[in-house]
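Quantities reported herein were computed from a predicted structural model and do not represent experimental measurements.
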Amino acid sequence: MSTETVDSGKRSVGELISSVAQQKLLAFAGLIVLLVGFSLASPNFMQTANMIAILQATSVNGVLAIAATLVIIAGGIDLSVGTLMTFCSVIAGVILTYWGLPMYIGVPGALLAGVASGAFTGLLIARFRIPPFIATLGMMLVFKGLSLAISGARPIYFNDTPGFDLISRGSLIGYFVPSLPIPNGVLILFVVAIATSYILTRTVLGRFTFALGSNEEALRLSGVDINRWKMYVYSLAGGICGVAGILLASRINSAQPAIGQGYELDAIAAVVIGGTSLKGGQGTMLGTIIGALIISVVANGLRILSVPQEWQIVVTGTIIIVAVYLDILRRRG
Amino acid sequence: MSALVSMTGIGKQFPGVRALHDARFELLAGEVHALMGENGAGKSTLMKVLSGVYQRDEGTVSVDGVAVVFDGPRAAQDAGIGIIHQELSLMNDLTVAQNIFIGREPRLRFGRLDDVALNRNASAIFESMNIGMDPTAVVGSLTIARQQIVEVAKALSYNSRVLVMDEPTAALNDAEIAELFRVIERLKNEGVGIIYISHKMDELKRIADRVTVMRDGETVGTVDAAGTSVSDIISMMVGRELQEERVEIPDLASAPVALEVNGLSRGRAIQDVSFSVKRGEILGFAGLMGAGRTEVARAIFGADPLESGRIAVDGKTVDIKSPRDAVALGIGYLSEDRKHFGIDTEMTVRANVAMATMSAFSGAMGVMNEAAMSERAKHFIERLDIRTPGDTQPVRLLSGGNQQKVVIAKWLMRDCNVLIFDEPTRGIDVGAKSEIYKLLTELAAQGRAIIVISSELPEVLRLSHRIAVMCEGRLTGVLPGGMATQEDIMALATQRDSDGTAFHGQETA
């Protein structure tokens, strides 16, 4: 073994680490620039109440984006996260309001519905070889239709379940630190992010998630049952959609069967802005959270500056394209 | 000494192809046993049967004298058989240690990973191989040679007593090959049996103890490496009867040169390639897989960039930056991968034939003149004898040979004077092959310059007026057609650079 080749190996690892760091740095720097820019543009922006509003607005999309990140790292795509979220909140409505059962049954029930739905989607993709884009496009409509059918296309309110709204709107942190009334929804977002980050980096499921996205055939030739693990990834993503469903239902104290479609695009946008490759095999939860924050900060800041909502959408679209283009430049350079 | 692995009477059928028939192979402990044969002889298939990737249809495999059946790669690994596939099967985004132990990670409770133990175990393997390697390095950042070492380590981590290496040196430079050979030598001394698939004759002499040659899915024989000459091994590999039909060489003394290429170079893939082809001439390009023939064709066609070199069409130096430029100069390229680059199988014969000449059939508003397209398509259906019920038949319903004719028609529409055919008869049955040969010969007789890239030696000999042979990116010789033999071609195709080019893997990786 010549020392020369050892060195070249180490050097390129160093380059790789720095490039990964740069990628997260890029999104993070973008976030800082936006925060500073909006603060200078409007004195109303950098207020505790507004910051908390931004975080609160990020919670649901952030959790959905985490689910989307898992699937994308595994080399797939999930268009059904938005309507699956709605489906889970409707299931919560059925258990809590229609059946009048307590929260400790309703909430786990809704999460379980998410896991089971994700498992079914995973089954379609892994066993029946339906391309992820098609399978999740179909399931997006299935979940939407089921939500409308079960609820009779009417909102289900949680007025008979006292405390349900506190899941998202209450503030455990504010209870201990009154000056920092961060809502539980935000707390849950960060708990989910840390938990999935742990799963990704420290568990077998996480290792196989990266391996699936990196080279599925190599994983299969290593003697691993790739179908089973693919199903696990989609199941976990489904469960996380369930969390988002509970968060959303709690925040508006109702299950709204007609919303949900369109959320998947915001979630995927957050993943992409956060630097996760749609090719699979790469990605971080931190990047996704930063991506979701960027989307909320832009929406919030532009609203404070009285930019019409139509133009906010144009800006978000532009940011997605610029973020991906910067990533391409970084990889090339 | 009893055999470590013994395979007898192995048969394997794929839809439409008999890949293996009565193949046999025997491996002793502590030997390096080379497995040789032309492309498609069945070497890789036989090894995939051994390693549980494919299930055999007939025959027996025994390890240590005990008959075994492997239902998957895992079962073969558990029996101590490790395989390093031709295409590296590593996960580029994962680290070295993660790759080696994928699916067998040391675990803590609740499915948590023990990365400390993981990296320690990986280090231990590299120490036993006496190789310095950082187990936490991301595999995608390593050179191909280092990735190859990771593959070896991965195979060894299963405590493999049998190690199959499928063309491990294809992407390595000489220094890297020497390093790999040191590893092989060490493993051999520890009693590991190594099956080594390679096309490179000089490597055999350096490391192999015995050589088994395969041809057309059957085992031709096993010989002692030291006591057998390279030419004897080549004869065993090619061994077929010569073609009944022979090529007729036209007198091209006064024919003008249609295409001239000088000093074409790009990295390791193309190294200083120069040749010319005259109008009316068929120039065959022979060589082993990866010799750089397709790369040369794509470079001339403008599909890949060039580092240096001069291309002249009809005596005038031209600057070809894109396939569009090439087509404008009358150069057509028929890809080896018909389905991917040549035709749209969902579309009709008519649409495919007109694909490269669409502007000729569209009016001012871009409306297509279907009647004119149909007329031209029918003309070519008749002229090339394309067997189809009509010009509106989807191409996917045509046989391989007729699909290839549709591609040829597409380029004839453009009036190309230089046509480059890359593996024109791949996936085409024998009857249709001779029709394609006839067609190519006719096209040349009409005054076109034809370049035919083919990995099938009988095909090259049957068609070519002259035969250019490539090896590792270099043009190693040009043989006259009609007289050259398969042995002549193989000798040039395996004539490796002896002075050891100082290129490093990472530059092309």
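- Side-chain atoms of A/Thr288 and A/Thr69 form a donor-acceptor pair, as typed in the model, at a separation below 3.5 Å.
- Heavy atoms closer than 4.5 Å to chain A are found in the side chain of B/Leu118, but not in its backbone.
- Most heavy-atom pairs under 4.5 Å with chain B: of the set A/Gly213, A/Ala211, A/Gly206, this distinction falls to A/Ala211.
- Counting heavy-atom pairs closer than 4.5 Å to chain A, the top-ranked of the candidates B/Gln98, B/Glu105, B/Gln77, B/Lys154 is B/Gln98.
- Ranked by heavy-atom pairs shorter than 4.5 Å toward chain B, the options A/Thr203, A/Thr201, A/Ile199, A/Leu205 are led by A/Thr203.
- Listed by first then second residue, pairs satisfying ring pair (Phe, Tyr, Trp, His ring centres under 6.0 Å) with a partner in residues 221-242 of chain A read A/Phe208-A/Trp229, A/Trp229-A/Tyr232, not counting sequence neighbours.
- A salt bridge links A/Arg220 with A/Glu217; the closest basic N to acidic carboxylate O contact falls under 4.0 Å.
- Among residues at least two apart or in separate chains, salt bridge (charged side-chain N to carboxylate O under 4.0 Å, His left out) pairs with a member in residues 112-123 of chain B are A/Arg207-B/Asp115.
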